[in-house]
Amino acid sequence: MNRRAFAIGALSALSARRAIGANDRIRMGLIGSGGRGREDWSTFLKQPDMEPVAVADVYDPFREKGIALTEGRARGYKDFRQLLDQKDIDAVIVATPDHWHALISIAACDAGKDVYCEKPLSLTVVEGRRMVEAARKHAKIVQTGSQQRSGSHYAQAVKLIQDGGIGEVHRIHAGMQRNIAPGLKPTEMASGLSPALDWDMWLGPAPMRPFDPFRCIYNFRWFWDYSGGQMTNWGAHHLDIARWITGAEAPTEVSGFGGRYALTDGGETPDVQQVTYQFPKVVVMWTSSEVAQGKPLTLDIYGTKGTLTLLRSGFQVAPEMLGAGKDKTPAMEALQVKGNDLNAAHARNFLDCVKSRQRPNADVEEGHRSAVMCHLGNISTRLGRSLRWDAAEEQVIGDAEANRMLARPCRSPWRLA
Ligand SMILES: NC(=O)c1ccc[n+]([C@@H]2O[C@H](COP(=O)([O-])OP(=O)(O)OC[C@H]3O[C@@H](n4cnc5c(N)ncnc54)[C@H](O)[C@@H]3O)[C@@H](O)[C@H]2O)c1
């Protein structure tokens, strides 16, 4: 297909939305039918008011798997622009690698579709801001795929903390830890490029490179051209909750350390990373370690009356013990709360918002701000210095080199609208 540049003006004419009634079915497309895309698709397919219409993926076997989930009800496209041209689609899921999230989501808004875009929302700070602008310009619902935001126990924990239930919160620690030494392996096309994949279209706005199966399916996460490593992969989940708890838009200062020290699989992003964020009266810390067997890291919120540990499965509070010796008494009651199905709740929230036109639980602005936190952590780590952040201007204060890293050039003909 002729590669049109991203002058999406032609699609704007389609942006008039059909009015969707409470009892109507929402007609959906899936763009990016890989591991997560198919999970999202399956979750949405269980909703009674969702109608699958089309699946777009540049890799034929994955597109076919996405279509199979609909029992043949959806059409297939290799080029997502053809899916966006389909007027009978109300909303799309964008579950491509991160380097495509912004261009596809913006094009979808321009084409009049609501969007459920996987986390991390963006590859760069500037991309995320443009996504927010596109959503607002076209009055589109854009939900970030941060499913914790729709977890009732997450909302309960955040309310408890914000109401002072665990006392004054002064520190939040988030992280992920596992042992994948000596590293990961390609998951598809290990013996070479297959005609089933349009590699040029997989790369899209990223720099041209010869095909490398390790850069492609799933493992794109470990390359700066397409993602930001565990900082954006898991950080986008846990730091989103940490930021939600603080109630702040952004940290004022960021300091990151780390690198790819232990793994030998050819990836680029850190396998060990430590980032510290200064928020008003709260220090937020991020730890990730890819070669570290042991206790999994949790999201821990430290208050003067207790420490709350928040997991996808639920949360618990361990009270502070006050006093001395035998007279020690707990500062609050211990608590244990179970979680619900986050994915189903998040999909439901999106569909409800498509109908009501209310802002969704993980609105694009929230997804953007949390992705910014992750991007700043990576920029600080890569530059080897602390950054001071002006959230209103979305600029690093007094650091031109860091500011240049807030955006990336797109490979022609792609461009950020
Ligand atoms: N919310 C969560 O818990 C969660 C979990 C896993 C992954 N994710 C996110 O989902 C996204 C995808 O991750 P994954 O693990 O599924 O990766 P993946 O490599 O398995 O899937 C990505 C798919 O996108 C396709 N693709 C690439 N370029 C495309 C294009 N231009 N048009 C259409 N399709 C294209 C690929 O061929 C592939 O099938 C990432 O952003 C990741 O962070 C979110």
Side-chain angles (χ1 to χ4, degrees), residues 97-99 101 118-125 127-128 146 172-187 206-207 209 212 214-243 250-251 253-278 283-300 370-387 389 396 399 401-408:
D98 313 353
H99 66 287
H101 287 181
E118 267 308 337
K119 52 52 59 179
L121 189 78
S122 60
L123 186 68
T124 68
V125 172
E127 276 186 0
S146 299
I172 302 176
H173 187 244
M176 80 80 58
Q177 173 167 296
R178 60 180 177 177
N179 192 344
I180 53 154
L184 295 162
K185 292 195 167 73
T187 61
R209 283 188 177 267
D212 174 353
F214 190 56
R215 284 182 166 260
C216 189
I217 304 296
Y218 182 83
N219 290 310
F220 65 83
R221 286 163 169 75
W222 325 127
F223 294 90
W224 295 118
D225 282 349
Y226 325 117
S227 187
Q230 290 298 15
M231 179 84 250
T232 55
N233 190 39
W234 273 100
H237 284 307
H238 296 323
L239 293 175
D240 177 53
I241 305 305
R243 200 181 59 75
E253 204 157 345
V254 182
S255 196
F257 304 87
R260 205 166 183 91
Y261 301 149
L263 298 177
T264 54
D265 57 9
E268 297 172 344
T269 57
D271 55 29
V272 57
Q273 194 168 16
Q274 181 68 50
V275 181
T276 306
Y277 296 92
Q278 180 69 62
V283 171
V284 175
M285 301 170 90
W286 167 257
T287 306
S288 74
S289 195
E290 296 280 42
V291 184
Q293 203 68 275
K295 190 170 154 271
L297 295 178
T298 48
L299 176 59
D300 297 308
S370 296
V372 165
M373 244 183 114
C374 303
H375 298 324
L376 292 176
N378 273 338
I379 294 171
S380 172
T381 303
R382 296 180 78 182
L383 289 177
R385 59 178 176 261
S386 297
L387 311 175
W389 183 239
V396 181
D399 192 331
E401 191 183 12
N403 281 325
R404 281 195 293 278
M405 295 169 80
L406 302 179
R408 308 245 184 115

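Throughout, numbering of the chain's residues begins at 1 and tracks the sequence.
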*Asks:* How far does CH2 of W222 sit from CZ of F214, to the nearest 0.5 angstrom?
*Replies:*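 Reported value, rounded in 0.5 Å steps: 8.5 Å.
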
*Asks:* Return the CH2 to OG1 distance between W224 and T269, rounded to the nearest 0.5 Å.
*Replies:*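 One finds 6.0 Å between CH2 of W224 and OG1 of T269.
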
*Asks:* Is a donor on one side and an acceptor on the other found under 3.5 Å between the side chain of N219 and the backbone of K185?
*Replies:*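 Yes: the side chain of N219 pairs with the backbone of K185.
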
*Asks:* Strictly distance-based, threshold 3.5 Å: is any side-chain N or O of S380 a donor or acceptor partner for the main-chain N or O of G256?
*Replies:*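 Yes; at least one donor-acceptor contact below 3.5 Å.
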
*Asks:* Examine the side chains of K119 and N233 and answer whether a donor and an acceptor come within less than 3.5 Å of each other.
*Replies:*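 A donor-acceptor contact under 3.5 Å links the two side chains.
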
*Asks:* If I take atom CG from residue L121 and atom SG from residue C374, how far apart are they, to the nearest 0.5 angstrom?
*Replies:*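 The CG atom of L121 sits 11.0 Å away from the SG atom of C374.
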
*Asks:* Any side-chain heavy atom of Q278 sitting closer than 4.5 Å to one from P251?
*Replies:*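 With C-beta onward as the side chain, the pair stays apart.
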
*Asks:* Provide the closest heavy-atom pair for D98 versus P120 in the form atom of the first, atom of the second, distance.
*Replies:*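 Scanning both residues, the minimum pair turns out to be OD2-CG, 3.1 Å.
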
*Asks:* With a 4.5 Å cut-off on side-chain heavy atoms, are V254 and T276 touching?
*Replies:*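 No - every pair of side-chain heavy atoms lies 4.5 Å or more apart.
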
*Asks:* Looking only at side-chain N and O atoms, does H375 offer a donor or acceptor that is under 3.5 Å from a partner on T232?
*Replies:*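 Looking only at side-chain atoms, H375 and T232 do not form any donor-acceptor pair under 3.5 Å.
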
*Asks:* Classify the side-chain pair R221/S227 by whether it contains a donor and acceptor separated by less than 3.5 Å.
*Replies:*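 Looking only at side-chain atoms, S227 and R221 do not form any donor-acceptor pair under 3.5 Å.
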
*Asks:* Identify the two heavy atoms, one from A262 and one from V291, that lie closest to each other, and give their separation to 0.1 Å.
*Replies:*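 Of all heavy-atom pairs spanning A262 and V291, the closest is CB-CG2, 3.7 Å.
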
*Asks:* Do the side chains of D399 and R385 get close enough for a salt bridge, i.e. N-O under 4.0 angstrom?
*Replies:*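 Yes, this pair counts.
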
*Asks:* So which heavy atom on A181 is nearest to which on L263, and how close?
*Replies:*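 Where A181 meets L263 most closely, the heavy atoms are CA-CD2, 3.8 Å.
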
*Asks:* May I have the step-by-step check of side-chain contact (heavy atoms from CB on, under 4.5 Å) for I172 and Y277, ending in yes or no?
*Replies:* CA-CA 10 Å; I172 302 176; Y277 296 92; over 6 Å; no

*Asks:* Looking only at side-chain N and O atoms, does Q177 offer a donor or acceptor that is under 3.5 Å from a partner on S289?
*Replies:*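 Checked: S289/Q177 side chains show no N/O donor-acceptor pair below 3.5 Å.
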
*Asks:* Output the distance between atom CD (E290) and atom CG (N179), rounded to the nearest 0.5 Å.
*Replies:*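 Interatomic distance, E290 CD to N179 CG, rounded to 0.5 Å: 9.0 Å.
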
*Asks:* In sequence, state the C-alpha distance, the side-chain angles, and the governing distance for E401 and L383, and then conclude on side-chain contact (heavy atoms from CB on, under 4.5 Å).
*Replies:* CA-CA 9 Å; E401 191 183 12; L383 289 177; 3.6 Å; yes

*Asks:* Please name the pair of heavy atoms, one in G128 and one in S122, separated by the smallest distance, quoted to 0.1 Å.
*Replies:*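 For G128 versus S122, the nearest heavy atoms are N-CB, 3.7 Å.
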
*Asks:* Just do the side-chain contact (heavy atoms from CB on, under 4.5 Å) check on V275 and M231 with the steps written out, would you?
*Replies:* CA-CA 9 Å; V275 181; M231 179 84 250; 3.8 Å; yes

*Asks:* Tell me the closest heavy-atom pair linking Y218 and L184, and the distance in Å.
*Replies:*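 That closest heavy-atom pairing would be CE2-CD1, 4.5 Å.
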
*Asks:* If the plane angle is over 60° it's perpendicular, under 30° parallel, otherwise tilted; pick one for W286 and H238.
*Replies:*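 Aromatic pair W286/H238 classed tilted.
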
*Asks:* Going through the distances and angles, do V125 and W389 end up as a side-chain contact (heavy atoms from CB on, under 4.5 Å)?
*Replies:* CA-CA 12 Å; V125 172; W389 183 239; 4.2 Å; yes

*Asks:* How many angstroms lie between atom CH2 of W234 and atom CG of L239, to the nearest 0.5 angstrom?
*Replies:*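 One finds 12.0 Å between CH2 of W234 and CG of L239.
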
*Asks:* Do T381 and Q273 have side-chain atoms, one donor and one acceptor, less than 3.5 Å apart?
*Replies:*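 Yes, because at least one side-chain N or O of T381 sits under 3.5 Å from a partner of the opposite role on Q273.
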
*Asks:* Is the shortest side-chain heavy-atom distance between L387 and I379 below 4.5 Å?
*Replies:*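 Yes, their side chains come closer than 4.5 Å.
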
*Asks:* Step by step, work out the salt bridge (charged side-chain N to carboxylate O under 4.0 Å, His left out) result for D265 and R260.
*Replies:* CA-CA 10 Å; D265 57 9; R260 205 166 183 91; 2.9 Å; yes

*Asks:* Is R382 paired with E268 through a side-chain N to carboxylate O contact shorter than 4.0 Å?
*Replies:*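 Answer for the salt bridge query: no.
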
*Asks:* Heavy-atom distance under 4.5 Å between the side chains of V272 and F257, does that happen here?
*Replies:*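 A side-chain contact is absent here, since even the closest heavy-atom pair is not under 4.5 Å.
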
*Asks:* Ignoring hydrogens and geometry, is there a side-chain-to-backbone donor-acceptor pair from D300 to H173 under 3.5 Å?
*Replies:*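 Checking the backbone N and O of H173 against the side chain of D300, no donor-acceptor pair under 3.5 Å is found.
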
*Asks:* Could you check whether any side-chain N or O of H99 sits under 3.5 Å from a backbone N or O of D225, counting only pairs where one atom can act as donor and the other as acceptor?
*Replies:*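 Not a single qualifying donor-acceptor pair exists.
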
*Asks:* Closer than 3.5 angstrom, by distance alone: can the side chain of D271 be matched with the main-chain N or O of Y261 as a donor-acceptor pair?
*Replies:*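 Confirmed, D271 side chain pairs with Y261 backbone.
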
*Asks:* What's the separation between atom CD in E253 and atom OG in S386, rounded to the nearest 0.5 Å?
*Replies:*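 It is 6.0 Å, given to the nearest 0.5 Å.
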
